[in-house]
Amino acid sequence: LVLSDCISGIQMLSVQPDTKPKGCAGCNRKIKDRYLLKALDKYWHEDCLKCACCDCRLGEVGSTLYTKANLILCRRDYLRLFGVTGNCAACSKLIPAFEMVMRAKDNVYHLDCFACQLCNQRFCVGDKFFLKNNMILCQTDYEEGLMKEGYAPQVR
């Protein structure tokens, strides 16, 4: 999913008592609370910066919001409405748009399916994996396959 053109950060700021109150982009009233949110280059009451679909308070659900078609959305609703679903390259089942995935070149995988397709070893952060003939392989199976083909892998 390419979301970068629709993501905006949310900052929570303390209101300094000696500054002039800022106007809220949501309700147009002055922000006299202890904290305010800054997002989309505007200031908001914590209660006013909400997802247009589920009404969740965006300052509470994360540090980002998503905008598209003049809607301000939480991540889940943005993906539900505008995300692209696809099929897992390992199990061929549908991947919901809001689900976290792993990618290897053009292939997309469920997190649980991202494992060596010969020995089913799951990968940890930092593990090497190899994509050969559109199969994900652990380093051991990849190197054994190369040995069977008659040449050793190059170690760098």
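Predicted model only: the values in this text are computed from it and were never measured.
From Glu144, atom CD reaches atom CD of Gln139 across 11.5 Å, with rounding to the nearest 0.5 Å. Of the inter-residue distances, the one linking Leu36 atom CG with Cys48 atom SG reads 11.5 Å to the nearest 0.5 angstrom. Summarising the geometry, atom CG belonging to Asp106 is positioned 9.5 Å from atom CG belonging to Leu131; distances are rounded to the nearest 0.5 Å. Atoms CG and NZ, on Leu146 and Lys132 in that order, are 5.5 Å from each other to the nearest 0.5 Å.
Remark: side-chain polar atoms of Asp127 are paired, donor with acceptor, to backbone N or O of Cys124 under 3.5 angstrom. One N or O on the side chain of His110 and one on the backbone of Leu94 form a donor-acceptor pair closer than 3.5 Å.
Between Cys119 and Asp141, the shortest heavy-atom contact is SG-OD2, 3.3 Å. Considering every non-hydrogen atom in both Tyr109 and Ala89, the closest pair reads CE2-CB, 3.5 Å. Residue Gly59 comes nearest to Leu37 through the heavy atom pair CA-CD1, 4.0 Å, listed as atom of the first residue, atom of the second, then distance.
For Asp112, the side-chain hydrogen bond (donor to acceptor under 3.5 Å, both in side chains) test picks out no residue, with sequence neighbours left out. The salt bridge (charged side-chain N to carboxylate O under 4.0 Å, His left out) test applied to Asp77 returns Arg80, not counting sequence neighbours.
Listed by first and then second residue, the ring-ring contact (aromatic ring centres under 6.0 Å, His included) pairs that reach into residues 32-51 come to none, sequence neighbours excluded.
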**Item:** Worked verdict on Asp33 versus Asp47 for side chain to side chain contact (heavy atoms under 4.5 Å, CB included)
**Value:** CA-CA 11 Å; Asp33 303 346; Asp47 287 338; over 6 Å; no
**Message:** Pair Met135, Leu137 - check side chain to side chain contact (heavy atoms under 4.5 Å, CB included), show working.
**Reply:** CA-CA 6 Å; Met135 286 179 57; Leu137 301 173; 4.0 Å; yes
**Message:** For a side chain to side chain contact (heavy atoms under 4.5 Å, CB included) check, start with the C-alpha distance between Lys38 and Met12, then their side-chain angles and the critical distance, and finish with the verdict.
**Reply:** CA-CA 6 Å; Lys38 183 176 182 185; Met12 180 174 277; over 6 Å; no
**Request:** Let me see the working for Cys56 and Lys50 under side chain to side chain contact (heavy atoms under 4.5 Å, CB included), right down to the final yes or no.
**Result:** CA-CA 5 Å; Cys56 70; Lys50 294 182 179 180; over 6 Å; no
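Ile10 and Leu13 fall into different hydrophobic clusters, where Ile, Leu, Val, Met, Phe, Trp and Tyr are joined by side-chain heavy atoms under 4.5 Å apart, directly or via other members. Note: the hydrophobic cluster containing Leu79 also contains Leu71 (ILVMFWY, side chain heavy atoms under 4.5 Å, direct or indirect links).
Leu49 places a side-chain heavy atom less than 4.5 Å from the side chain of Leu65. Counting only heavy atoms from C-beta outward, the side chains of Cys51 and Leu58 approach each other to under 4.5 Å. Inter-residue side-chain proximity for Thr67 and Ile7 is flagged as unmet; no heavy-atom pair is nearer than 4.5 Å. The shortest distance between side-chain heavy atoms of Leu81 and Leu73 falls below 4.5 Å. With a 4.5 Å cut-off on side-chain heavy atoms, Pro21 and Ile31 do not count as touching. Using a 4.5 Å heavy-atom cutoff, the side chains of Val108 and Cys88 are not in contact. Using a 4.5 Å heavy-atom cutoff, the side chains of Arg75 and Tyr66 are in contact. Between Phe130 and Ile136, the closest side-chain pair of non-hydrogen atoms is not below 4.5 Å.
Counting non-hydrogen atoms of neighbouring residues, nucleotides and ligands closer than 6.0 angstrom, the CZ atom of Arg76 reaches no more than 12 such neighbours. Applying the 6.0 Å contact sphere to CG of Asp18 captures more than 12 heavy atoms from other residues, nucleotides or ligands.
Note: Phe129 and Phe114 meet the aromatic proximity criterion, with ring centroids under 6.0 Å apart.
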